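Below is one structure; the comments refer to it alone.
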Amino acid sequence: MIIVLRPKSTDAQIEHVLERIHELGFKPHLSRGELRTIIGVIGDENKLQAEPFLAIPGVEQVLPILKPFKLASREFNPADTVVQVGRVRIGGGEMGMIAGPCAVESAAILDAIAGQVKAAGANLLRGGAFKPRTSPYSFQGLGEEGLKILRAAGQKHDMPVVTEVMDPRQVPLVQRYADMFQIGARNMQNFDLLKEIGQTRKPVLLKRGMSATVKDMLMSAEYILAEGNPNLVLCERGVRSFEDSTRNMLDLSAVPNVKGMSHLPIIVDPSHATGRPDLIPAMACAAVAAGADGVHIEVHSCPEKALSDGHQALLPKQYAELMDRLRRLAEVVGKKIS
Ligand code: PEP
Ligand code: MN
């Protein structure tokens, strides 16, 4: 349920409502907007509705949330959530431009790519140290060594770093090196991982599962939010379909669809969605036009030698050309790249 407080409610009144919720054995989630304070209460909706919250001073309205996802819903937070990763802000008109190789391969290769994507305007550096590969014989990532290389490149080029975490047991390790966790498509419904990540307060990039509906993705987001981590960005990366000329089918409608249902930022990954460098620029532009809060693109200085996903990597020069277009488009749709 959502408890809406009066515009001029005092801190003491808000505190009082929170105490009462705790006393009743429920978990409150406070959202202080510029104009209003809203408290989400999660628990048995029937029991909640039996409580006379309206009688508490400062409470203006009490509304049930009928959607299965509650904290992720637009009702819970009518304003757009802005997620801060280092000095980069994603959402509310600001864009996260994530770029880098699929996997961290060596310090020299990553350093070269990081310098080039940074010069092109990327503001977040990506690179996998733990890779979820379809085949157990494919390159699995450099593990902690990869995390160290990523951290060093991020520091040198002044970009916060994003990297995948695949298992709840890896969370403490990845947390030490990353500025933002990535939860990959294959792990979108790894509920133990979602809960573990929810226990931290580090920003999270949650990618849509390849067979997940938009609602499934929002339910996964709910797991992280329910544990108390509000720093969540969603990512549309294409879903499986009968079409076999692209790696996945990019569901661009997910962008405005999610924005209608949720306050969370959503970015688009045209690299994994299409698997084809010739299609990535058009789909990245379409994503920005559709209202995405950023794009996530794989870049490699020598795709033919890449240890994973080389077939879909853009060359740094292609990325720079694309970024020129994206910057102009961002301006047209009133967005900013910080
Ligand atoms: C990736 O970002 O390298 C990746 C594996 O993506 P996804 O989980 O979307 O397949
Ligand atoms: Mn990849």
Side-chain angles (χ1 to χ4, degrees), residues 96-105 109-110 113 117 122 124-136 138-143 146-147 149-150 161-167 170 174 178-190 193-194 197 203-214 216-217 220-221 232-241 246-252 254-255 258 266-277 279-280 283-284 287 292 294-315 319:
M97 305 310 250
I98 304 177
C102 182
V104 176
E105 298 169 359
I109 295 172
L110 187 66
I113 298 170
V117 297
L124 292 145
L125 178 66
R126 66 147 285 143
F130 295 100
K131 293 303 304 172
R133 305 306 300 278
T134 301
S135 164
S138 301
F139 176 59
Q140 303 287 310
L142 296 179
L147 293 173
I149 294 172
L150 181 65
V161 296
V162 189
T163 196
E164 179 156 356
V165 55
M166 296 202 296
D167 185 297
Q170 290 167 351
V174 176
D179 296 297
M180 185 180 214
F181 289 119
Q182 175 170 316
I183 297 179
R186 289 155 193 80
N187 273 308
M188 191 204 79
Q189 286 184 315
N190 180 340
L193 178 62
L194 300 177
I197 296 272
V204 189
L205 181 66
L206 176 65
K207 297 186 91 176
R208 180 177 180 177
M210 53 194 82
S211 305
T213 63
V214 165
D216 291 337
M217 175 164 61
S220 290
L232 183 52
V233 177
L234 304 173
C235 180
E236 165 60 44
R237 47 76 74 205
V239 289
R240 281 269 161 92
S241 85
T246 53
R247 183 172 178 179
N248 289 288
M249 190 179 274
L250 179 57
D251 177 11
L252 267 186
V255 174
V258 161
I266 177 164
I267 69 164
V268 170
D269 170 358
S271 299
H272 293 87
T274 65
R276 286 177 43 183
L279 303 182
I280 291 168
M283 292 299 94
V295 291
H296 173 283
I297 292 175
E298 286 187 348
V299 179
H300 201 288
S301 41
C302 185
E304 66 181 60
K305 290 192 184 155
L307 297 179
S308 80
D309 282 353
H311 62 278
Q312 70 189 30
L314 288 189
L315 287 162
Y319 179 71

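Computed from a prediction, not measured in an experiment: that's the story for all the values here. Start at 1 and go down the list; that is how both ligands and their atoms are numbered. Numbers for residues simply follow the sequence, beginning at 1.
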Subject >> Evaluation steps, side chain to side chain contact (heavy atoms under 4.5 Å, CB included), between Met210 and Arg237 >> reply: CA-CA 8 Å; Met210 53 194 82; Arg237 47 76 74 205; 3.6 Å; yes
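- For the pair NE2 of His272 and OE2 of Glu298, the angle whose vertex sits at the Mn ion (ligand 2) is 80° to 10 degrees.
- If you check the side chains of Asp309 and His300, you find no donor sitting under 3.5 Å from an acceptor.
- Atom 2 (O) of ligand 1 has Arg126 NH1, 2.7 Å as its closest protein atom, hydrogens excluded (heavy atom only).
- Remark: ligand 1 atoms within the under-4.0 Å shell around heavy atoms of Cys102 are 3 (O).
- Arg208 places a side-chain heavy atom less than 4.5 Å from the side chain of Val214.
- Remark: side-chain polar atoms of Glu298 are not paired, donor with acceptor, to backbone N or O of Gln312 under 3.5 angstrom.
- No heavy atom of Met210 sits closer than 4.0 Å to any atom of ligand 1.
- With hydrogens left out, the protein atom closest to atom 4 (C) of ligand 1 is His272 NE2, 3.4 Å, a heavy atom.
- Closest N/O/S atom of Asp309 to the Mn ion (ligand 2): OD2.
- Counting the atoms of ligand 1 from 1 in the order shown, those under 4.0 Å from a heavy atom of Ala185 are 7 (P), 8 (O), 9 (O).
- In this structure, the side chains of Lys305 and Glu105 stay at 4.5 Å or more apart for every pair of heavy atoms.
- Between Arg240 and Asn248, the closest side-chain pair of non-hydrogen atoms falls below 4.5 Å.
- Distances between N or O atoms of Arg237 and those of ligand 1 include at least one value under 3.5 Å.
- Residue contact check: Gly184 has heavy atoms under 4.0 Å from atoms 8 (O) of ligand 1.
- The side-chain heavy atoms of Met188 and Leu206, taken from C-beta on, include a pair separated by under 4.5 Å.
- Using a cutoff of 4.0 Å between basic side-chain nitrogens and carboxylate oxygens, Glu164 and Arg126 are not scored as salt-bridged.
- Polar contact check, Lys131 against ligand 1: a nitrogen or oxygen pair lies under 3.5 Å apart.
- Listed by number with element, the atoms of ligand 1 under 4.0 Å from a non-hydrogen atom of Glu298 are 1 (C), 3 (O).
- Residue contact check: Gln182 has heavy atoms under 4.0 Å from atoms 1 (C), 2 (O) of ligand 1.
- Screening Ile297, Val255, Leu234 against Val268 for a side chain to side chain contact (heavy atoms under 4.5 Å, CB included) leaves a single residue, Val255.
- Looking only at protein heavy atoms, the nearest one to atom 6 (O) of ligand 1 is Lys207 NZ, 2.9 Å.
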